[in-house]
**Student:** 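Okay, handing you the structure first.
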Amino acid sequence: MNNKEKFKQYAELLRDWSKRMNLVAPSTLSDIENRHFADSAQLADVLPKDAHIVDLGSGAGFPGVVLAILGWQVVCIESIGKKVAFLNTVKDTLKLDNLTIYHGRVEDFISALPQDEKIVFTARAFAPLVKIMDYVAKTHKSLYLLKGREISAEIDKAKIKYKFDYKLIPSKTGDGFIIIIKNNR
């Protein structure tokens, strides 16, 4: 199955499962390809090619599953059992051997994080920036986050508690941003 077929199958699974549970906003189901897939895929332009992705609060798999389809090694962390069942179905249906689903809380996974220099964190619609920084600060790993138009306020709030270097890249698919955070301390 090529990537185009994988994305088509992923969209079908998302529409089908969304009839039974809240995976994404119903208003976005008519534009999954742009609203969710393309939005998540724009991280491919900025992520290190050899990165091992840890996707925080994966939900319906954005951006983690999209990045796995595109070839990265990805761990999706999700605490809600129904969403884990969905992610496992996507993994099995699309035969994504480079995707691992972790059923549990972000802080539990991070406390047992392996010493892997290639790990970076991703997230989309997960938590405010300062909360994400609270979870990952002790790891000193880079963050590649898809955030909304209120990112400046989130950065200001995070800078009260943390020191970090960041780069903002306007989203190609909406009015949000990609924020890349490095040297968090």
Side-chain angles (χ1 to χ4, degrees), residues 3 7 10 14 23-25 27-29 31-79 83 87 98-99 102 105-107 109-110 113 116-185:
N3 284 357
F7 280 114
Y10 187 12
L14 190 57
L23 287 169
V24 295
S27 62
T28 66
L29 288 172
D31 191 22
I32 291 170
E33 289 74 12
N34 184 58
R35 182 66 182 91
H36 300 294
F37 295 167
D39 189 51
S40 296
Q42 65 184 320
L43 285 176
D45 295 336
V46 295
L47 281 166
K49 298 298 179 207
D50 63 344
H52 294 172
I53 310 290
V54 175
D55 188 38
L56 307 172
S58 295
F62 305 119
V65 171
V66 171
L67 296 171
I69 291 170
L70 296 176
W72 274 271
Q73 289 289 328
V74 178
V75 175
C76 285
I77 303 173
E78 179 54 53
S79 64
K83 292 179 180 179
L87 292 170
N98 57 329
L99 178 63
Y102 176 83
R105 301 190 53 79
V106 166
E107 55 269 34
F109 181 87
I110 290 176
L113 191 68
D116 181 343
E117 293 302 316
K118 296 180 180 183
I119 289 176
V120 299
F121 293 105
T122 61
R124 177 179 182 250
F126 171 58
L129 181 58
V130 73
K131 183 72 171 169
I132 293 171
M133 300 284 291
D134 288 344
Y135 285 131
V136 306
K138 291 180 182 173
T139 71
H140 305 289
K141 304 289 184 190
S142 297
L143 296 161
Y144 293 78
L145 309 174
L146 294 160
K147 298 297 279 176
R149 61 181 169 257
E150 302 299 323
I151 188 59
S152 293
E154 289 190 48
I155 291 168
D156 290 344
K157 203 174 241 185
K159 286 230 174 230
I160 293 169
K161 190 171 184 180
Y162 296 103
K163 294 181 183 194
F164 54 92
D165 300 324
Y166 71 94
K167 179 178 181 181
L168 278 180
I169 303 167
S171 172
K172 296 176 184 177
T173 61
D175 57 1
F177 294 88
I178 295 171
I179 183 169
I180 301 169
I181 296 177
K182 296 186 177 186
N183 302 319
N184 50 339
R185 53 210 181 274

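All of these numbers come straight from a predicted model, not from anything done at the bench. Starting from 1, each residue takes its place in the sequence as its number. Scope of the values below: all heavy atoms of this structure, side chains included, with no hydrogens, waters or symmetry mates.
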**Student:** Is the shortest heavy-atom distance from the side chain of Lys138 to the side chain of Ile110 under 4.5 Å?
**Tutor:** no
**Student:** Under the side-chain contact (heavy atoms from CB on, under 4.5 Å) rule, what do Phe126 and Phe121 come out as? Steps first, then yes or no, please.
**Tutor:** CA-CA 12 Å; Phe126 171 58; Phe121 293 105; over 6 Å; no
**Student:** Is there a side-chain contact between Met133 and Lys161 (heavy atoms, below 4.5 Å)?
**Tutor:** no
**Student:** Nearest heavy-atom pair of Ser40 and Arg124: which atoms, and what distance?
**Tutor:** OG-CD, 4.0 Å
**Student:** Compare every heavy atom of Gly71 with every heavy atom of Asn98, then report the nearest pair and how far apart it is.
**Tutor:** ND2-C, 3.7 Å
**Student:** Is any side-chain heavy atom of Leu143 less than 4.5 Å from a side-chain heavy atom of Tyr166?
**Tutor:** no
**Student:** Test side-chain contact (heavy atoms from CB on, under 4.5 Å) on Ile155 and Leu129 and set out the steps.
**Tutor:** CA-CA 7 Å; Ile155 291 168; Leu129 181 58; 4.0 Å; yes
**Student:** Could you check Tyr144 against Lys182 for side-chain contact (heavy atoms from CB on, under 4.5 Å), going step by step and ending with a plain yes or no?
**Tutor:** CA-CA 9 Å; Tyr144 293 78; Lys182 296 186 177 186; 3.5 Å; yes
**Student:** Can any side-chain N or O of Trp72 pair as donor or acceptor with the backbone N or O of Ala44 at less than 3.5 Å?
**Tutor:** no
**Student:** Hey, what do you get for NZ (Lys157) to CD (Glu150), rounding to the nearest 0.5 Å?
**Tutor:** 11.5 Å
**Student:** Are any of the side-chain heavy atoms of Leu146 and Phe62 separated by less than 4.5 Å?
**Tutor:** no
**Student:** Is there a side-chain contact (heavy atoms from CB on, under 4.5 Å) between Leu56 and Val136 once you walk through the steps?
**Tutor:** CA-CA 10 Å; Leu56 307 172; Val136 306; 4.1 Å; yes
**Student:** Give a yes or no answer on whether the side chain of Lys118 reaches the backbone of Ile53 with a donor-acceptor pair at less than 3.5 Å.
**Tutor:** no
**Student:** Does some side-chain heavy atom of Ile151 sit less than 4.5 Å from a side-chain heavy atom of Leu145?
**Tutor:** no
**Student:** Flag the pair Ser171 / Asp39 as yes when at least one side-chain heavy-atom distance between them is below 4.5 Å, and no otherwise.
**Tutor:** yes
**Student:** Could you label the plane-to-plane angle of the Phe37 and Tyr10 rings as parallel, tilted or perpendicular, counting under 30° as parallel and over 60° as perpendicular?
**Tutor:** parallel
**Student:** Looking at every non-hydrogen atom in both residues, tell me the closest pair between Gln42 and Pro170 and how far apart they are.
**Tutor:** OE1-O, 4.5 Å
**Student:** Is the backbone N or O of Lys83 less than 3.5 Å from a side-chain atom of Glu78, with the two atoms forming a donor-acceptor pair by type?
**Tutor:** no
**Student:** Atom CG of Leu70 and atom NZ of Lys49: how far apart are they, to the nearest 0.5 Å?
**Tutor:** 9.0 Å
**Student:** Of all the heavy-atom pairs spanning Cys76 and Leu99, show the shortest one and how long it is.
**Tutor:** SG-CD1, 3.7 Å
**Student:** Quick one: which of Val24, Thr28, Thr173 gives a side-chain contact (heavy atoms from CB on, under 4.5 Å) with Arg35?
**Tutor:** Thr28
**Student:** Between Leu47 and Val120, which heavy-atom pair has the shortest distance, and what is it?
**Tutor:** CD2-CG2, 3.9 Å
**Student:** Do Val54 and Ile77 have side chains that approach each other closer than 4.5 Å (heavy atoms only, starting at C-beta)?
**Tutor:** yes
**Student:** With a 6.0 Å cut-off (strictly less than), is the heavy-atom count around NZ of Lys167, excluding the residue itself, greater than 12?
**Tutor:** no
**Student:** How long is the gap from CD1 on Ile132 to CD on Glu154, to the nearest 0.5 Å?
**Tutor:** 7.5 Å
**Student:** If we only count heavy atoms from C-beta on, is the Tyr162 to Val130 side-chain gap below 4.5 Å?
**Tutor:** yes
**Student:** Measure the spacing between NZ of Lys172 and CD1 of Ile178 and express it to the nearest 0.5 Å.
**Tutor:** 7.0 Å
**Student:** Can you name the nearest heavy-atom pair linking Pro63 to Leu43, along with the distance?
**Tutor:** CG-CD1, 3.7 Å
